[in-house]
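What follows is a set of notes on a single structure, which appears directly below.
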Amino acid sequence: MEILLGGISSVFYGVADFLGGEASRKVNAATVVVWSGIFAYPLLLVAVALTGGTATSGDYLIGFAAGISGAVGLIMLFTGLARGRAATVAPISAALGAVIPVVVAVVTGDRPSVLAWAGVAIAVPAIALSAWTDEGEAKTKSGLAYGAIAGLGFGGFTAIIGLTGDDSGILPLVTARGGLIVVLVVLAVIGVWKLQGFAQTPRGLILANSVTDISANITLLYALRAGSFALAAVAASFYPAATVILAKLVNGESLRGRQILGIVMTLVALGLIAAN
């Protein structure tokens with residue numbers, strides 16, 4: 001079940017990333033993230049009312065910490081991309097975002113089968129290849145730094161949110177979303193990022209991003225609790241493949257050979273992990 005839920009989460013994340021990218025062509029990325037986060041709150045509260053749960057103060061604090069980690073990931077990803085280092089930032093952040101929770105899971109006692117480990121071994125380069133884009137004259141060292149910190153942030157979100165109690169349901173996501181928005185708003189207030197009003201945004205894309213992003217968070221949390229933490233985390237990390245496929249279908253963007261290879265490897269990795 002964790003593989004299925006993780007895979008669904010990955011699709012949601014991939015669609016959300018595509019929608020966010022489309023919206024960021026019209027307004028800056030910080031504006032997209034903040035407004036999407038704000039509009040995701042009512043959706044999240046409805047989901048909480050439907051699913052219930054009993055969270056402790058510790059669950060809420062863990063959720064808030066996860067949100068801050070996710071915010072760090074977004075900040076470094078967007079900063080690196082804005083400075084034209086997509087070819088190194090995107091694949092490194094995506095791959096590390098998958099590796100970190102796996103390492104945490106193994107340290108805490110998770111023991112996938114040999115077949116599943118083979119899938120994980122294929123998954124990491126598959127994720128990187130799927131996310132790998134072209135750019136001119138990239139400064140590799142700088143791009144690696146942005147990508148590594150972004151990956152630590154994204155991987156940290158998954159690893160931390162997975163520490164919440166099963167009885168808490170999706171309640172920790174409320175404070176996680178709050179932590180993310182707080183960090184981004186503070187950066188805007190001190191002048192690091194400039195936020196634009198909602199009237200200036202592509203509202204349809206923002207709202208669609210809200211729905212898919214919060215759906216991804218919810219299914220990820222359930223996936224992490226359904227079985228093997230490591231396998232759920234990896235299954236939820238294939239979102240770059242979904243994003244590049246959507247870019248091909250919707251915008252007619254050409255898929256590079258390495259991205260096609262990454263998508264094929266993704267399917268193989270998922271098959272091996274699912275056969276666990």
Side-chain angles (χ1 to χ4, degrees), residues 12-45 47 60-86 89-90 92-94 96-97 100 145-161 170-218 220-221 239 243:
F12 278 132
Y13 275 127
V15 175
D17 282 357
F18 173 76
L19 293 169
E22 292 294 292
S24 296
R25 295 182 179 184
K26 304 178 186 301
V27 293
N28 64 64
T31 297
V32 173
V33 174
V34 170
W35 282 111
S36 174
I38 290 172
F39 281 94
Y41 252 115
L43 302 174
L44 180 57
L45 293 178
Y60 286 121
L61 287 173
I62 290 171
F64 190 77
I68 291 176
S69 182
V72 170
L74 286 173
I75 291 165
M76 298 309 295
L77 176 66
F78 288 149
T79 301
L81 295 178
R83 297 185 180 184
R85 296 171 175 85
V89 174
I92 293 297
S93 63
L96 265 182
I100 299 302
Y146 284 120
I149 299 174
L152 288 172
F154 294 142
F157 173 84
T158 301
I160 295 170
I161 201 70
I170 60 173
L171 284 167
L173 292 177
V174 175
T175 49
R177 183 66 51 161
L180 185 150
I181 293 175
V182 166
V183 172
L184 296 177
V185 169
V186 167
L187 289 176
V189 170
I190 64 178
V192 176
W193 276 347
K194 181 181 179 181
L195 298 182
Q196 296 168 261
F198 184 62
Q200 300 170 281
T201 67
R203 284 163 283 188
L205 288 172
I206 295 287
L207 293 174
N209 178 265
S210 298
V211 172
T212 50
D213 186 54
I214 203 64
S215 298
N217 285 172
I218 291 171
L220 170 65
L221 190 52
Y239 56 88
T243 302

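Because the structure is a prediction, the values reported are computed rather than measured. Any value given below was found using the heavy atoms of this structure, including those in side chains, with hydrogens, waters and symmetry copies removed.
Residue pairs meeting the salt bridge (charged side-chain N to carboxylate O under 4.0 Å, His left out) criterion with at least one partner in residues 19-29, sequence neighbours excluded, are Glu22-Arg25, Arg25-Glu253. Pairs engaging residues 60-76 under the side-chain hydrogen bond (donor to acceptor under 3.5 Å, both in side chains) rule: none recorded [sequence neighbours left out]. Legend: salt bridge (charged side-chain N to carboxylate O under 4.0 Å, His left out) pairs involving residues 190-206, not counting sequence neighbours: none detected. Pairs of residues two or more places apart, or lying in two chains, never qualify as salt bridge (charged side-chain N to carboxylate O under 4.0 Å, His left out) while including a residue from residues 65-79.
Residues that satisfy the side chain to side chain contact (heavy atoms under 4.5 Å, CB included) test with Asn217, not counting sequence neighbours, are Tyr13, Phe157, Leu173, Arg177, Asp213, Ile214. In terms of the side-chain hydrogen bond (donor to acceptor under 3.5 Å, both in side chains) criterion, residue partners of Ser210 (sequence neighbours excluded) are, by chain and number, Ser36. By the ring pair (Phe, Tyr, Trp, His ring centres under 6.0 Å) test, Phe198 pairs with Trp35, Phe39, sequence neighbours left out. By the side-chain hydrogen bond (donor to acceptor under 3.5 Å, both in side chains) test, Gln200 is found to be paired with no residue, residues two or more places apart in sequence or in another chain being considered. Legend: residues meeting side chain to side chain contact (heavy atoms under 4.5 Å, CB included) with Val183, ordered by chain and number and at least two apart, are Ile68, Ala71, Ile75, Leu187. By the side chain to side chain contact (heavy atoms under 4.5 Å, CB included) test, Val72 is found to be paired with Met76, Ile149, residues two or more places apart in sequence or in another chain being considered. For Leu195, the side chain to side chain contact (heavy atoms under 4.5 Å, CB included) partners two or more places apart in sequence, or in a different chain, are Ala30, Thr31, Val34, Ala188.
Annotation: side chain of Val32 is not in contact with side chain of Thr201 (no heavy-atom distance under 4.5 Å).
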